[in-house]
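So the structure is just underneath, and the comments pick up after that.
Because the structure is predicted, anything quoted here is derived from the model rather than measured. The figures that follow rest on heavy atoms only: side chains count, while hydrogens, waters and symmetry mates do not.
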Amino acid sequence: MSSEEKDAASAASPEKKPRVSRRRANRIAAMQFLYAWSACPCAPEELPEMLFDFFTRRTEPREFYAFAEELAVGTLENRSRIDEIIAACAKNWTLARIARCDLAILRLAVYELLYRRDIPPVVSINEAVELAKIFSTEDSHRFVNGVLDRVKTRLSRPLREAQE
């Protein structure tokens, strides 16, 4: 089969998308919101409206994205501390040099690592690396993993267990 025939065959058959868990779908939505917010930050009093608009325009009903909204709000409420930690752990990188997509992924993951004790740190790191593989450049997942590994050393809780 020639490459043209393969291209025609793949175009004719519907592409199967891998099934994404609800939690990952919510992390994706939270990361996308943080990315959009970083492109056009709003004043704190405008955040509820921006969140409402963003999550009502998604493919699933707004209630589906409750976890995403928690993550996005928590990340933005703690952004100053999160950014300080990212800046300290991203050796030889300033926040301004980090790609906006990678920064959204890092902010989300650092929020989970610091403030979401119901999520094991290794899960947060793994999810961030997967998001970088899906949404960013070929080498971004290595960068994200390296920064989060440095953040992980600052934690004083078990890495493989959730704490309620």
Ring-face cation of Arg23 near Phe67 (centre distance under 6.0 Å, axis angle within 45°) = yes
Answer yes or no on whether Arg58 is positioned over the face of Phe64, meaning its NZ or CZ is under 6.0 Å from the six-membered ring centre and within 45° of the axis.
-> no
In terms of heavy-atom contacts, does CZ of Arg160 have more than 12 from other residues, nucleotides or ligands at under 6.0 Å?
->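 Atom CZ in Arg160 is not crowded, with 12 or fewer foreign heavy atoms closer than 6.0 Å.
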State whether the number of non-hydrogen atoms from other residues, nucleotides or ligands found under 6.0 Å of Gln163 atom CD is greater than 12.
-> yes
Decide whether Leu103 and Leu108 are clustered together by the hydrophobic rule: side chain heavy atoms of Ile, Leu, Val, Met, Phe, Trp, Tyr closer than 4.5 Å, transitively.
->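 Yes, same cluster.
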side-chain hydrogen bond (donor to acceptor under 3.5 Å, both in side chains) partners of Arg116, counting only residues at least two apart = Glu70, Asp118
Residue list, salt bridge (charged side-chain N to carboxylate O under 4.0 Å, His left out) with [X], at least two apart or on another chain:
X	value
Arg117	none
Arg24	Glu127
Asp139	Arg142

Determine whether a donor-acceptor pair (N or O, by modelled atom type, separation under 3.5 Å) exists between the side chain of [X] and the backbone of [Y].
X	Y	answer
Asn26	Arg22	yes
Asn78	Gly74	yes
Ser140	Ser136	no
Arg157	Leu113	yes

Sequence neighbours excluded, which residues qualify as ring pair (Phe, Tyr, Trp, His ring centres under 6.0 Å) partners of Tyr115?
-> Tyr111
Under the ring pair (Phe, Tyr, Trp, His ring centres under 6.0 Å) test, which residues partner Phe143, sequence neighbours left out?
-> Trp93
What's the spacing between [X] [atom1] and [Y] [atom2] if we round to 0.5 Å?
X	Y	atom1	atom2	answer
Arg27	Leu34	CZ	CG	13.0 Å
Cys101	Gln32	SG	CD	8.5 Å
Leu51	Glu46	CG	CD	12.0 Å
Phe52	Leu47	CZ	CG	14.0 Å
Arg100	Tyr35	CZ	OH	5.5 Å

What is the minimum heavy-atom distance between [X] and [Y], and which atoms define it?
X	Y	value
Ile119	Ser124	CG2-OG, 3.3 Å
Ala162	Pro120	N-CG, 3.7 Å
Trp37	Arg79	CH2-NE, 3.2 Å
Phe54	Ala29	CE2-O, 3.5 Å
Ala128	Ala109	CB-CB, 3.7 Å
Arg154	Cys89	NE-SG, 3.5 Å

Using the side-chain contact (heavy atoms from CB on, under 4.5 Å) rule, take Phe33 and Met50 through it: C-alpha gap first, then chi angles, then the decisive distance, then the call.
-> CA-CA 9 Å; Phe33 177 83; Met50 187 176 184; 3.8 Å; yes
Are the charged groups of Glu130 and Lys133 less than 4.0 angstrom apart, N to O?
->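 Between Lys133 and Glu130 there is a salt bridge, with a charged N closer than 4.0 Å to a carboxylate O.
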Take Leu159 and Ile125, measure what side-chain contact (heavy atoms from CB on, under 4.5 Å) needs, and give me the verdict at the end.
-> CA-CA 10 Å; Leu159 298 177; Ile125 293 169; over 6 Å; no
Report the residue from Ile82, Ile85, Leu95, Leu148 that forms a side-chain contact (heavy atoms from CB on, under 4.5 Å) with Leu106.
->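 Of Ile82, Ile85, Leu95, Leu148, side-chain contact (heavy atoms from CB on, under 4.5 Å) with Leu106 is met by Leu148 alone.
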Verify side-chain contact (heavy atoms from CB on, under 4.5 Å) between Glu49 and Cys42, making sure each step is shown before the conclusion.
-> CA-CA 10 Å; Glu49 183 180 347; Cys42 65; over 6 Å; no
Hey, mind stepping through Asn126 and Val122 against side-chain contact (heavy atoms from CB on, under 4.5 Å) and telling me if it holds?
-> CA-CA 6 Å; Asn126 183 59; Val122 294; over 6 Å; no
Any side-chain heavy-atom pair of Arg107 and Ser38 under 4.5 Å |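 With C-beta onward as the side chain, the pair touches.
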